[in-house]
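To start, the structure under review is shown below, and the notes come after it.
For the numbers below, each heavy atom of this structure counts, side chains included, while hydrogens, waters and symmetry mates do not.
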Amino acid sequence: MKRLVLFCLILSLVPLAGCSGNQTLRDSWKYTKRQYRTYLNVPAELDYEDTGSCELYELGLGDAMLEVDTALLKLTRVMENSDRGPDQAWVMHMMQQFPWLTGVALADQTGEVMARYPEYFMKDFSVAPLLEPDPKQRRSALRAYVQESPMGPEVYLANPVYVGEEFRGLVVVYFDPRALMALSKDPGSVMMASPSGVLWSGRFTGGTPVNSTDWAEVLRHKSCGLVGEGGNEFYWTTRYLGNLPLVYAFPLSAAQKPAEHQAAAPAEPAPQETAPATSEE
């Protein structure tokens, strides 16, 4: 009889112990979540006034090239998804979405142009350099090159089309750097170059270190840095368009904060400035 009473007493205490344990567990979990949010997963706060440890010339280059760089990144993403036989509607949408493009073309595996919009193009047109894959990248990656012309350079970007292992052709867009640089807030203060030479001169003459630098050699070892000396130095950084490196350059002597940060005093004149030029002489 005593054993039965003791057993019943133990059973009656089990729910109470369970409630106490569950309550303790809930309190412990709440405490853990508070500690986690306080010390580990702290909500992010953005300080738009803090420029960090960037140099003024880095800020100047970034402010001048923001819209240009954003447009190239957007074009890259769209082209990476253009390998399913684009139709006329896609072509027209591309020209509307990227009005700075010169045109769009479709070529077969031999480089013969099957379609092109617009049909009329004043410069020589060639996709031959885009037919062979770059050994440094996967064969289906975007390919690009610069075609030199007396009328100014033209940049080609292509997405190779494969069906299984078979190469079927190219979807190509092309543009004049002068049209692209019209997107910049301050196109005169920056230069753009590639291993083939200067693509955009800004307001500078051909005597800058950007013109005289062997970019093919420099880009083998660095992705950003300084070129020049004395009062004729440029800060530069690299953006890849497919397998084509594009160099953005900004003069140190013109370094100033972007428009929303800059002081009232005017910046020092940039080195070797002349009347605005639209392309390298």
Side-chain angles (χ1 to χ4, degrees), residues 65-185 187 192 194-196 199-200 238-246 248 278-279:
M65 294 298 290
L66 177 60
E67 283 76 10
V68 172
D69 201 49
T70 300
L72 288 178
L73 284 173
K74 185 177 180 181
L75 177 66
T76 297
R77 294 192 186 98
V78 173
M79 286 295 291
E80 286 174 340
N81 294 288
S82 64
D83 59 349
R84 297 205 176 264
D87 55 16
Q88 183 178 5
W90 183 88
V91 171
M92 300 310 297
H93 179 68
M94 284 292 289
M95 296 300 294
Q96 294 172 358
Q97 190 175 14
F98 305 100
W100 44 272
L101 288 178
T102 303
V104 181
L106 306 177
D108 65 15
Q109 65 271 30
T110 68
E112 181 180 353
V113 178
M114 310 301 294
R116 187 173 72 195
Y117 180 86
E119 295 184 9
Y120 179 70
F121 185 50
M122 296 180 65
K123 301 176 184 177
D124 292 335
F125 185 88
S126 175
V127 299
L130 300 169
L131 294 176
E132 293 298 325
D134 188 330
K136 298 178 183 178
Q137 61 178 178
R138 57 188 176 84
R139 63 179 186 175
S140 60
L142 296 182
R143 309 167 189 175
Y145 91 104
V146 177
Q147 183 188 50
E148 296 297 334
S149 168
M151 301 179 66
E154 194 78 16
V155 179
Y156 287 68
L157 176 66
N159 189 15
V161 179
Y162 283 87
V163 176
E165 297 294 318
E166 185 180 358
F167 173 57
R168 290 292 184 88
L170 300 166
V171 179
V172 185
V173 295
Y174 46 104
F175 62 90
D176 189 315
R178 292 170 291 190
L180 174 64
M181 289 303 298
L183 302 177
S184 172
K185 289 182 180 178
M192 180 187 288
S194 75
S196 65
L199 305 179
W200 172 259
T238 316
R239 161 68 64 200
Y240 273 81
L241 183 66
N243 60 337
L244 173 68
L246 297 176
Y248 305 158
T278 55
S279 62

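Val173 has its side chain out of reach of Phe98: every pair of non-hydrogen atoms, C-beta onward, lies at least 4.5 Å apart. You'll find the side chain of Leu101 reaches within 4.5 Å of the side chain of Leu75, heavy atoms only. Looking at heavy atoms from C-beta onward, Tyr248 lies in side-chain contact with Asp69 at the 4.5 angstrom threshold. Within the 4.5 Å cutoff, the side chain of Asn243 has no heavy atoms near those of the Lys136 side chain. Under the 4.5 Å side-chain criterion, counting only non-hydrogen atoms from C-beta, Leu106 is in contact with Val171. Between Leu72 and Leu180, the closest side-chain pair of non-hydrogen atoms falls below 4.5 Å.
Cation-pi geometry between Arg116 and Phe125 is satisfied (NZ or CZ under 6.0 Å from the ring centre, within 45° of the ring normal).
Listed here is the closest heavy atom pair of Pro177 and Pro153: CD-O, 3.2 Å. Across all their heavy atoms, Gly103 and Pro118 have their closest contact at CA-CD, 3.9 Å. Residues Pro195 and Pro245 share a closest heavy-atom pair of CD-O, 3.6 Å. When all heavy atoms of Ala158 and Leu170 are compared, the closest pair comes out as CB-CD2, 4.1 Å.
Formation of a donor-acceptor pair under 3.5 Å by the Lys123 side chain with backbone atoms of Gly152 is found in this model. Side-chain atoms of Ser82 come within 3.5 Å of backbone N or O of Met79 as a donor-acceptor pair. With Glu154 contributing its side chain and Phe175 its backbone, the two residues share a donor-acceptor pair below 3.5 Å.
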Can you give the donor-acceptor pairs under 3.5 Å from side chains of residues 141-149 to other protein atoms, not counting sequence neighbours?
from: Arg143; atom 1: NH1; to: Leu130; atom 2: O; distance (Å): 2.8
from: Arg143; atom 1: NH1; to: Leu131; atom 2: O; distance (Å): 2.9
from: Arg143; atom 1: NH2; to: Arg139; atom 2: O; distance (Å): 2.8
from: Arg143; atom 1: NH2; to: Tyr162; atom 2: OH; distance (Å): 3.3
from: Tyr145; atom 1: OH; to: Ser126; atom 2: O; distance (Å): 2.6
from: Gln147; atom 1: OE1; to: Tyr156; atom 2: OH; distance (Å): 3.2
from: Gln147; atom 1: NE2; to: Asp124; atom 2: O; distance (Å): 3.1
from: Glu148; atom 1: OE2; to: Ser196; atom 2: OG; distance (Å): 3.3
from: Ser149; atom 1: OG; to: Met151; atom 2: N; distance (Å): 3.1

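The CD atom of Glu80 sits 8.5 Å away from the CZ atom of Arg77 when rounded to the nearest 0.5 Å. Here the CG atom belonging to Asn81 is positioned 11.0 Å from the OG1 atom belonging to Thr76, to the nearest 0.5 angstrom. Atom-to-atom distance recorded for Met65:CE and Met192:CE is 4.0 Å, nearest 0.5 angstrom.
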**Request:** Determine, stepwise, if the pair Leu73 / Arg239 fulfils side chain to side chain contact (heavy atoms under 4.5 Å, CB included).
**Result:** CA-CA 9 Å; Leu73 284 173; Arg239 161 68 64 200; 3.6 Å; yes
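A salt bridge links Arg178 to Asp176: at least one charged side-chain nitrogen sits closer than 4.0 Å to a carboxylate oxygen.
The 12-atom threshold is not exceeded at OH of Tyr117, counting heavy atoms of other residues, nucleotides or ligands nearer than 6.0 Å.
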